[in-house]
> 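Can you keep this structure in mind? I'll have questions shortly.
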Amino acid sequence: MARERAVYRCQACGLAAPKPGTCPDCARAGSYVQLVEERATPARSGMRVVTPAGGSRPQPLAAIDSDGGERIATGIGELDRVLGGGLVRDSLVLIGGDPGIGKSTLLLQASRALAERAGPVLYVSGEESAGQVKLRAERLGIAPAGLYFVAENDLDIVLGHVRALRPRILVVDSIQAVYLPGLESAPGSVGQVRECGARLMLLAKGEGIATFLVGHVTKEGALAGPRVLEHLVDTVLYFEGERHHAYRVLRAVKNRFGSTNELGVFEMAERGLAEVANPSGFFLSERPVGAAGSVIVSSLEGTRPLLLEVQALVTPASFGTPRRTALGADYNRVCLLLAVLEKRVGFPLQSQDAFVNVAGGGRVSEPAADLGLALAVASSYLDRPLRGDVVVMGEVGLTGEVRAVTALDARLKEAGALGFTSAVVPQNNLRGRTGLPIEAHGVGSVDEAVKVLLGP
Ligand code: TYD
Ligand code: MG
C-alpha cells in the first residue's frame with residue numbers, strides 16, 4: 001500500500017518536492033520561495049460526479065462531427081472578438097489581470113447580455129458581498145431576470161448551487177478566493193487554485209457550462225498565481241492597462257477557439273467599461289501637432305493596426321551616465337536605437353538624457369515601431385518637428401538599415417482612415433507596389449529617414 005506522504009509545493013510556480021526548503025527552480029531565476037507542505041488530496045472521488053456517463057470511446061476521426069463550437073455573443077463586441085467570435089458553450093475562460101483593473105466590471109457587463117440571450121447565468125463572488133455587487137450592477141444599469149448571484153467561498157457549496165440552478169454560464173470571481181475544504185492548504189495557494197480549477201474544468205466540460213474564471217496576477221507573480229491554470233483552461237485573456245489611464249486592453253494569450261494576439265480596447269468610464277471602436281483615434285486625441293519629439297507610429301496588435309503617438313525628450317545630461325527612460329516601449333530596444341542613432345547617424349547622444357513615452361498609456365511591442373522611436377528621439381534632439389500628417393513604420397537593424405514590416409496595406413489603410421495623407425515606410429516594402437491606400441515614401445536607412453523627415 002502506498003504510504004501517504006506530504007508534498008512540499010512552491011507557492012510561485014507549483015513545483016512539487018518531497019522535502020521542505022526553497023524552490024530550486026525559482027532560486028535559479030533569482031527569487032527564494034518557501035515550499036509549503038500540502039497533504040495529498042483525499043481521493044478524487046468527488047470529481048467523478050461530473051464526468052459524462054459511460055466515459056469516452058475512441059472513434060475514427062472521419063466519423064466525428066466537427067464542433068465549430070456553439071457560440072454565444074456576450075453583447076460586448078470587443079470581448080466577442082477576443083474570444084474568437086463569442087463564448088463557446090463548454091469552454092473555460094481565465095481572465096487575469098492586476099487587482100482593480102476592471103475584471104469584475106467586465107464580467108458583470110458581459111453577464112447582462114449572456115443572461116438575456118442564454119441565461120441563466122450564475123455569478124459567484126468570493127470577494128464581494130451581494131450588496132456590493134448589487135450596488136455596482138445598479139450603477140451599470142444591469143438587472144436582467146436570468147442573472148443569479150451568490151457570495152460564496154466554499155467551492156463544494158458552489159458546485160451544489162450549480163447542480164440545483166443548472167446555469168449555462170458560470171462566473172467565478174475569483175479563483176483565488178474560492179477553496180475546497182477537503183484540502184489543507186490555504187485559499188489562494190497553488191494547491192487550492194489548481195484543484196479548484198480542475199474541478200471547474202470537469203464541471204464545464206461535463207455539464208456544458210461556459211465558465212469564466214477571474215484570476216489576480218501581480219507583476220512579480222508573487223501571489224500564488226493563476227499561471228498554474230493556464231494549461232488547464234481553453235482560453236487565457238489578460239486585462240491590462242495603466243491604473244491612472246482610462247484605457248484598458250483585453251488580450252488573448254491562449255485560445256483554443258480562435259486567434260491569439262487579438263485585442264479589445266476599452267475605456268473605464270463613469271458607467272463601467274465602454275468599448276473603444278476606434279482605438280487609434282482614442283490614442284491620438286490629444287496629439288500636439290507640430291511639436292518636436294512627437295511621431296505617429298503604426299503598431300500591429302493581432303490583426304489590427306493601431307496608430308500610437310511616440311514621444312521623446314532629449315536633454316543635455318547634467319553629470320555622469322546619461323539617463324534613459326522608456327515608458328510603453330522596451331527599454332533595451334530604446335537603448336539599441338539610441339546607439340544606432342549615435343553610431344550610424346552621428347548624434348552625440350552619450351551626453352544626452354533621453355526619455356521615451358507612448359502617449360495615453362499605450363504600448364508598442366512590435367519592431368515596426370523602431371523607426372518611429374528613433375525619429376522621435378532625433379526630432380527632439382534636433383528640436384525640429386515632423387510634419388503632422390505623416391505616419392512612420394519600419395524595423396531598424398544594427399547597421400542602421402530599415403527592414404520591411406508585415407501587413408503594409410492594413411497599416412496604410414488605418415492611417416488613411418484617420419486622415420493621414422503620407423507615410424514613411426521601408427524601401428523593401430515598396431518593390432513593385434502601386435495603388436497603395438496613401439502616399440508612401442520608401443527609406444533604406446535611419447539616416448535617410450532623418451534627412452527625409454527632419455531635413456539635412
Ligand atoms: P473592478 O471591476 O472591481 O476590478 P477587478 O475586479 O479587476 O479588481 O474595477 C474596479 C475599478 O474600476 C475601481 O477602481 C473603480 C473603477 N470603476 C469605474 O471607474 N467605473 C465604474 O463604473 C465601475 C463599476 C468601476
Ligand atoms: Mg474584482
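Counting starts at 1 for both ligands and their atoms, following the listed order. Because the structure is a prediction, the values reported are computed rather than measured.
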> Would you say the Mg ion (ligand 2) has Ser104 as a near neighbour, meaning an N/O/S atom of that residue under 2.8 Å away?
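Yes.
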> Going by distance only, is there an N or O of Lys103 that falls short of 3.5 Å from an N or O of ligand 1?
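Looking only at distances, the answer is yes, because the N/O contact criterion of under 3.5 Å is met.
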> Ignoring angles and geometry beyond distance, decide whether Arg136 reaches within less than 3.5 Å of ligand 1 through its nitrogen or oxygen atoms.
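So ligand 1 has an N or O lying under 3.5 Å from an N or O of Arg136.
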> Geometry only, no angles: is Leu140 polar-contacting ligand 1 at N/O separations under 3.5 Å?
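No, no N or O pair falls under 3.5 Å.
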> To check your reading of the model: name the closest protein heavy atom to atom 8 (O) of ligand 1, its residue, and the distance in Å.
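Looking at atom 8 (O) of ligand 1, the protein heavy atom closest to it is Gly100 N, 2.7 Å.
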> Just wondering, do Arg199 and Leu180 contact through their side chains at under 4.5 Å, heavy atoms?
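Of all side-chain heavy-atom pairs linking Arg199 with Leu180, at least one is under 4.5 Å.
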> Can you confirm whether something in the protein, heavy atoms only, sits under 4.0 Å from atom 21 (C) of ligand 1?
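True for atom 21 (C) of ligand 1.
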> Students should be able to answer this: which protein heavy-atom is nearest to atom 6 (O) of ligand 1, and at what distance?
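In this structure, atom 6 (O) of ligand 1 has Ser104 OG, 2.6 Å as its nearest protein heavy atom.
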> Is ligand 1 less than 4.0 angstrom away from at least one heavy atom of Ser174?
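Checking ligand 1 against Ser174, which is what was asked, there is no heavy-atom contact under 4.0 Å.
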> Charged N to carboxylate O under 4.0 angstrom, Arg81 versus Glu78?
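So Arg81 pairs with Glu78 through a salt bridge.
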> Quick one: does Pro99 get an N or O within less than 3.5 Å of an N or O on ligand 1?
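No.
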> One thing to verify: whether Lys134 and Glu128 come together as a salt bridge, which I'm taking to mean a side-chain N less than 4.0 angstrom from a carboxylate O.
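Not counted as a salt bridge, because no side-chain N and carboxylate O are separated by less than 4.0 Å.
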> Quick one: do Arg166 and Glu207 make a salt bridge, cutoff under 4.0 Å?
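Judged by the 4.0 Å cut-off on N to carboxylate O distance, Arg166 and Glu207 do form a salt bridge.
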> Check this for me - ligand 1, Met268, N or O atoms closer than 3.5 angstrom, yes or no?
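It does not: no N or O of Met268 is found under 3.5 Å from an N or O of ligand 1.
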> Report the C-alpha separation of Val172 and Val214 in whole Å, then their side-chain angles, then the decisive distance to 0.1 Å, and conclude whether the side chain to side chain contact (heavy atoms under 4.5 Å, CB included) test is met.
CA-CA 6 Å; Val172 179; Val214 171; over 6 Å; no
> Can you find an N or O of Glu270 that's nearer than 3.5 Å to an N or O of ligand 1?
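It does: an N or O of Glu270 is found under 3.5 Å from an N or O of ligand 1.
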> Which of the numbered atoms in ligand 1 are below 4.0 angstrom from a heavy atom of Arg139?
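Every atom of ligand 1 under 4.0 Å from some heavy atom of Arg139: 18 (C), 20 (N), 21 (C), 22 (O), 23 (C).
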> Flag the pair Lys103 and Asp173 as a salt bridge only when some basic side-chain nitrogen lies within less than 4.0 angstrom of an acidic carboxylate oxygen.
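Judged by the 4.0 Å cut-off on N to carboxylate O distance, Lys103 and Asp173 do not form a salt bridge.
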> Between Arg323 and Asp353 (salt bridge meaning N to carboxylate O under 4.0 Å), is one present in this structure?
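No, Arg323 and Asp353 are not salt-bridged.
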> Measuring only between side-chain heavy atoms, which start at C-beta, is Ser104 closer than 4.5 Å to Tyr123?
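Heavy-atom side-chain distance check passes, below 4.5 Å.
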> Provide, to 0.1 Å, the distance between atom 4 (O) of ligand 1 and the closest protein heavy atom, together with that atom's residue and name.
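In this structure, atom 4 (O) of ligand 1 has Gly102 N, 3.0 Å as its nearest protein heavy atom.
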> So does Asp330 pair up with Arg363, basic N to acidic O under 4.0 Å?
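Salt bridge absent between Asp330 and Arg363.
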> Starting from atom 2 (O) of ligand 1, locate the nearest protein heavy atom and write down its residue, its atom name and how far away it is, to 0.1 Å.
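In this structure, atom 2 (O) of ligand 1 has Thr105 OG1, 2.6 Å as its nearest protein heavy atom.
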> May I ask you to say whether Arg251 pairs ionically with Glu240, meaning some side-chain N is under 4.0 Å from a carboxylate O?
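Looking at Glu240 together with Arg251, the answer is yes, because their closest N to O distance falls below 4.0 Å.
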> Within a distance of under 4.0 Å, is there any protein heavy atom near atom 24 (C) of ligand 1?
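Yes, there is a protein heavy atom closer to it than 4.0 Å.
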